[in-house]
Amino acid sequence: MGSGVSVTTPGGKVSVDTAGLEAAGKKMEEAARQLEQAQKSQDPNAVAAATGNVVAAAAGALGGGAQGAVAVQSLKAALPEQLAGLARTSVEVQDGAAMGLPTSQARAEYGSGDKQVRVEITDLGGLSGLAQIAGMVQGEKETGGRVEKTWQAGGRTLQEEYEKDGSHAEVKAILKNGLVVSVEADQIAIKDVRGFLEKIDLGTLENLQRKGKS
C-alpha cells in the first residue's frame, strides 16, 4: 500500500506519493546500473535498450504516468518580443516529450549593451506540486552583499536573490498551477527586474492546462 503526504499550499492542496517517489528512485538506480553494464559490453543493442529503460525510469520519477506538461508552444507564446524596451535576442524551447519526460520549458534572452535579461518558464509536469511545497518556506537572508527572500502573495510564491551592487538579480514566481517563471538579469537593479516579471502574463500562464498522458 502506498503512502503519501498532502500539503495545503497557497494555490491549493498538493498530494505527493512519497512511496512512489522512492520506488521511482530505485528504478532509476537499477536502470543506470544496467546502462553502465551495457556500455562496458559495447553491445549497441544492449546500450539502446538500457538507455530506453533509463528514460522510462526518469519519466516515472517525474510523474510521467499520471499527466504530461503544458504544451511547450503555449509557454513560448508567453515570452514577449520586447521586455520594457529591451529587444528579444534569442528564444529556445525544450519539450521533454521527445525523451518520454513530462516536462516543458521555454526561455528567451533580451538585451542591449551590458544589460542582459533571461526569462525562463518551466513546467515539471507531475512534480510541479513539489515546487509549490518547496516554495512554502518563507524567510529572508542577507550574506555580505547578497540578499535572498521568499514570500507568498496572491496564492503564488515569490523568490528574490540579488546582489546589492546591482551586478546580478533574479526574481522567481511559482504559480498556483506549479509553473515556475524566473527572470534573471545582469547589471540591472532588483526593482527593474521585478518590473520585468510584471510584464509576463502570469494570469494566462496560471490558467494553462496540462496535456493528459495515455
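By convention here, the first residue in the shown sequence is residue 1. FYI, side chains are in, hydrogens and waters are out, and symmetry mates aren't considered; it's all heavy atoms of this structure.
When all heavy atoms are compared, the tightest approach of V147 to E142 is CG2-CG, 4.0 Å. Closest approach of P80 to A78, counting heavy atoms only: CD-O, 3.3 Å. When all heavy atoms are compared, the tightest approach of Q94 to V72 is O-CG2, 3.8 Å. Taking each heavy atom of R156 and G203 in turn, the nearest pair found is NH2-N, 3.8 Å.
Between the side chain of T89 and the backbone N or O of G111, no donor-acceptor pair lies under 3.5 Å. No donor-acceptor pair under 3.5 Å is formed between the side chain of Q82 and the backbone N or O of A87. Between the N177 side chain and the L205 main chain, a donor and an acceptor come within less than 3.5 Å of each other.
Here E161 does not pair with K172 in a salt bridge; the nearest charged N to carboxylate O distance is not below 4.0 Å.
Among T122, V181, L179, the one residue that satisfies the side-chain contact (heavy atoms from CB on, under 4.5 Å) test with L75 is L179.
With rounding to the nearest 0.5 angstrom, the CD atom of Q73 is 10.5 Å from the OG atom of S104. Atom OG1 of T157 and atom CD of Q152 lie 4.0 Å apart (nearest 0.5 Å). To the nearest 0.5 Å, atom CG of residue L202 and atom CG of residue N207 are 11.0 Å apart. Note: R146 CZ to E163 CD = 5.0 Å, rounded to the nearest 0.5 Å. How far CD of E109 is from CD of E184: 10.0 Å, rounded to the nearest 0.5 Å.
With contacts defined as side-chain heavy-atom distances shorter than 4.5 Å, the pair I190/V171 qualifies. Two residues are said to be in side-chain contact when any heavy atoms from C-beta on lie closer than 4.5 Å; L79 and Y110 meet this criterion. In this structure, the side chains of V180 and I121 stay at 4.5 Å or more apart for every pair of heavy atoms. You'll find the side chain of W151 stays beyond 4.5 Å of the side chain of Q159, heavy atoms only. Side-chain contact between D123 and T103 is absent, with no heavy atoms from C-beta onward closer than 4.5 Å. For the pair V117 and L86, the minimum side-chain heavy-atom distance is below 4.5 Å.
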* Can you check salt bridge (charged side-chain N to carboxylate O under 4.0 Å, His left out) on E92 and K76, steps first, answer last? -> CA-CA 8 Å; E92 178 184 354; K76 179 183 177 182; over 6 Å; no

- Go through the steps for E120 and S182 under the test side-chain hydrogen bond (donor to acceptor under 3.5 Å, both in side chains), then give the verdict. CA-CA 5 Å; E120 191 172 283; S182 66; 4.6 Å; no

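Applying the side-chain hydrogen bond (donor to acceptor under 3.5 Å, both in side chains) definition to pairs two or more places apart or across chains, those involving residues 185-195 are R118-D186, E160-R194, H168-D186.
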